[in-house]
There are 2 protein chains.
Amino acid sequence: MTEIDAAIAFILNGHQQFMAHLSLDCAILGYHDQQVKILLIRYNGHQQWGLPGGPIRHEEPISVAANRIAEETTGISGLFLQQFHTFGDSPYRVHHRTVQDLERLIQPDALGIKIKKDNWLLGRQITIGYYALVDYQQVSVRTNLFVEEYRWWDIDQVPELLFDHNDMVTKALQTVRLHLYHQPIGANLLPPKFTLPEIHFLYESLLAKSLDRRNFPKKLFALGLLNKLDERRFIGPHRSPYLYEFNKANYEKALEEGIVLVI
Amino acid sequence: MTEIDAAIAFILNGHQQFMAHLSLDCAILGYHDQQVKILLIRYNGHQQWGLPGGPIRHEEPISVAANRIAEETTGISGLFLQQFHTFGDSPYRVHHRTVQDLERLIQPDALGIKIKKDNWLLGRQITIGYYALVDYQQVSVRTNLFVEEYRWWDIDQVPELLFDHNDMVTKALQTVRLHLYHQPIGANLLPPKFTLPEIHFLYESLLAKSLDRRNFPKKLFALGLLNKLDERRFIGPHRSPYLYEFNKANYEKALEEGIVLVI
DNA sequence: CATATATTACGTAGTTTTTACGCAATAAAG
DNA sequence: CTTTATTGCGTAAAAACTACGTAATATATG
């Protein structure tokens, strides 16, 4: 079966496999060049960008669906994923999608099909939002028939997105910030070994406020989250910073029991 | 149309009005006798208790659905409601509900109807969880054809519930506790005027830990959340405590901007 | 009417935590 | 060897928090 045949089957008979009216979208966050980034996609035939997402299979746990969709997008399995909100309030998510709306979305003429009034993709779309925190360097994105383009965007330069996706990005970021104070989240956004300035700037970028360079690491040490390594990173014409890793045992414990980080 | 006719119409043709496979449940929390309570219901023909919930109309914003369901249960409109999680991972929410499952739930013989294989209530049920914080004294519950009994339960004495509802109660409470540190929540659980010991015990009950009687009010004062009134409550053979109310302006501001309460 | 009992109201000393910031160590370039 | 930019570590001052003492009530009791 070609990719086009698969697309046609999905549009016409996807309801045999997937739930109608409920989808799942992922806010995939990474960190690079002292900037928090979000991975957005441009769907075929669309000018505007949006969050990667997809439908949920009939007997698929929703966390499994989130992993599947995040893996389809990033190529990485077993990502750190957390549900942050379910969206069903904005006009886009309340009013029914009409045949005309859907035709604009998927351009059936190009596929040689017709959208009937009872198509499963019509009606309202409620969507469950998950955020993923990923090591930027590991991600390799791929396009497919539905997805024309992928791009990482600086979190504070996200353009006007499809539907209510700007609201979703805002809510995802709010949730990440709240979680940051109560869970050790950094490990998912950083490579396994990192320097103190690196994690320091990560937290500054995420919280969008400045943290004292000398006091910030003390708080992480106090929680026992970091192991100092006997290696340094070479950073050119300056003193070489030591490398650190997360203390796995304490990190797991903190994830389970929660922390209170006052910064 | 009698109540029974309405029930039959709902079971057979509810999909014309309501979304299939997606529902909404409310964890309604109150406070009385120095105990955090949750309002549970026992559905007709069931031994076990569960959270009040219901389906979502086709063009109904989900927050409106939450308000409707919470109001149907408590008789109070405009409750403080917050979404806390969407449940679609447990076996109950992954595997399809069969004709037999549904017959056990609604006992169609008593209604003189038959459940067909394509009934809209079959299949999986994903549910969106909202918690409500209510002034216990204002609630007046009513039963109907589907609901046999209502009861307030102490939050630490909740029995084994239907499906995954115990998980939902746990998650609701976790979320309330987290929110308690970042939002002024007390106003929704207390009558308009209350004493310091009253709000003190409320927080102790919610967090299930003891807070110093003399230090706790200082933190609320520091946030500017309370107004001292020139009235006292009569509590019998002891010194009469002053009454307080929430400072509306600061309360609203705190709700919007968030607070950091370290207790 | 003095005393006992239980509770609220309020303050404050001592301790801990946090903040702000100084300065030495380092790495390379000129 | 000096300059520049950065990391690493420490510490004094300020702020916050904790623990707890004691006075003020309100009523019942003998």
Side-chain angles (χ1 to χ4, degrees), chain A residues 33-35 180-182 186 190-191 193-205 207-247 254 258-263, chain B residues 33-35 180-182 186 190-191 193-205 207-247 254 258-263:
Chain A
D33 279 347
Q34 301 190 10
Q35 279 286 338
L180 198 62
Y181 289 110
H182 297 280
L190 291 168
K193 297 174 180 183
F194 50 88
T195 67
L196 289 186
E198 280 164 4
I199 192 171
H200 169 227
F201 280 122
L202 166 63
Y203 273 70
E204 283 200 337
S205 311
L207 298 175
K209 70 176 184 185
S210 72
L211 308 168
D212 188 275
R213 173 175 64 85
R214 290 148 295 193
N215 293 330
F216 171 73
K218 290 179 197 167
K219 321 228 176 181
L220 297 182
F221 292 141
L223 293 167
L225 287 177
L226 300 183
N227 288 342
K228 186 173 181 176
L229 301 175
D230 205 19
E231 294 173 71
R232 289 152 174 254
R233 189 190 298 293
F234 178 80
I235 54 158
H238 307 295
R239 180 171 178 177
S240 303
Y242 283 97
L243 286 169
Y244 289 79
E245 64 182 8
F246 279 98
N247 180 313
I259 58 177
V260 178
L261 186 61
V262 183
I263 48 180
Chain B
D33 278 347
Q34 300 189 12
Q35 279 284 339
L180 197 63
Y181 290 111
H182 298 281
L190 290 169
K193 297 174 180 183
F194 50 86
T195 67
L196 289 186
E198 280 165 3
I199 191 171
H200 171 225
F201 281 122
L202 167 62
Y203 273 70
E204 283 199 337
S205 311
L207 299 175
K209 70 178 185 186
S210 72
L211 307 168
D212 188 276
R213 173 173 61 86
R214 289 149 294 191
N215 294 330
F216 170 75
K218 290 180 198 166
K219 321 229 175 180
L220 297 182
F221 291 143
L223 292 166
L225 287 177
L226 299 185
N227 289 342
K228 186 173 180 175
L229 301 175
D230 206 19
E231 294 174 70
R232 290 153 174 253
R233 188 189 298 294
F234 178 79
I235 55 158
H238 308 294
R239 179 171 179 179
S240 303
Y242 283 98
L243 286 170
Y244 290 79
E245 65 183 7
F246 280 97
N247 179 313
I259 57 176
V260 179
L261 185 62
V262 182
I263 48 180

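It should be emphasised that the depicted structure is a prediction, and the values quoted were computed from it without experimental measurement. Residue numbers start from 1 in every chain, and the chains themselves are labelled A, B, ... in the order their sequence lines are given, proteins ahead of strands.
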Q | Donor-acceptor pair (no angle test) under 3.5 Å: Arg239(B) side chain, dT8(C) base | A | yes
Q) For Ile235(B) and Arg239(B), which heavy atoms make the closest approach, and how far apart are they? A) CD1-O, 3.5 Å
With 3.5 Å as the limit, what N/O pairs link the protein to nucleotides 11-13 of chain C?
residue	atom	partner	partner atom	Å
dT12(C)	O4	Lys218(B)	NZ	2.8

Q: Rounded to the nearest 0.5 Å, what's the gap from CG on Asn247(A) to CG on Leu223(A)? Could you check?
A: 11.5 Å
**Q.** Bounds of contact between DNA chain D and chain B, in 5' to 3' order, using a heavy-atom cut-off under 4.0 Å
**A.** dT18(D) to dT27(D)
Q: Taking all heavy atoms of Ile263(A) and all of Lys219(A), pick out the closest pair and write down the distance.
A: CG2-CD, 3.6 Å
Q) Can you tell me how far P of dT8(C) sits from CD1 of Ile199(B), to the nearest Å? A) 14 Å
Q) Atom NE2 of His200(B) to atom C1' of dC10(C): distance rounded to whole Å? A) 15 Å
(Q) Using side chain to side chain contact (heavy atoms under 4.5 Å, CB included), reason through Ile199(B) and Leu190(B) one step at a time and then give a plain yes or no. (A) CA-CA 8 Å; Ile199(B) 191 171; Leu190(B) 290 169; 3.8 Å; yes
(Q) For Pro217(B), is there any backbone N or O sitting under 3.5 Å from a side-chain donor or acceptor partner on His200(B)? (A) no
Q: Could you pick out which residue, Arg213(B) or Lys219(B), lies toward the 5' side of DNA chain D when each is mapped onto its nearest nucleotide?
A: Lys219(B)
Q.
Using a strict heavy-atom distance below 4.0 Å, which residues from residues 220-233 of chain A are in contact with DNA chain C?
A. Arg232(A)
Q.
In this structure, how many angstroms lie between the C1' atom of dT5(C) and the NE2 atom of His238(B), rounded?
A. 8 Å
Q. What is the distance from atom CZ of Arg213(A) to atom CZ of Phe201(A), rounded to the nearest 0.5 Å?
A. 9.5 Å
Q. Any donor and acceptor pair, going by atom type alone, linking the side chain of Glu204(A) with main-chain N or O of Leu211(A) inside 3.5 Å?
A. yes
Q: Might you work through the side chain to side chain contact (heavy atoms under 4.5 Å, CB included) test for Phe221(B) and Leu226(B), ending with a clear yes or no?
A: CA-CA 6 Å; Phe221(B) 291 143; Leu226(B) 299 185; 4.0 Å; yes
Q. Is the gap between the ring centers of Phe194(B) and Phe246(B) under 6.0 Å?
A. yes
Q: Take Tyr244(A) and Leu196(A), measure what side chain to side chain contact (heavy atoms under 4.5 Å, CB included) needs, and give me the verdict at the end.
A: CA-CA 7 Å; Tyr244(A) 289 79; Leu196(A) 289 186; 3.3 Å; yes
Q.
For a quick check of understanding: with a heavy-atom distance under 4.0 Å over all strands, which category does Pro197(A) fall into, base, sugar-phosphate or nothing?
A. sugar-phosphate
Q. In Å, rounded to the nearest 0.5 Å, how long is the span from NZ of Lys228(B) to CG of Leu243(B)?
A. 11.0 Å
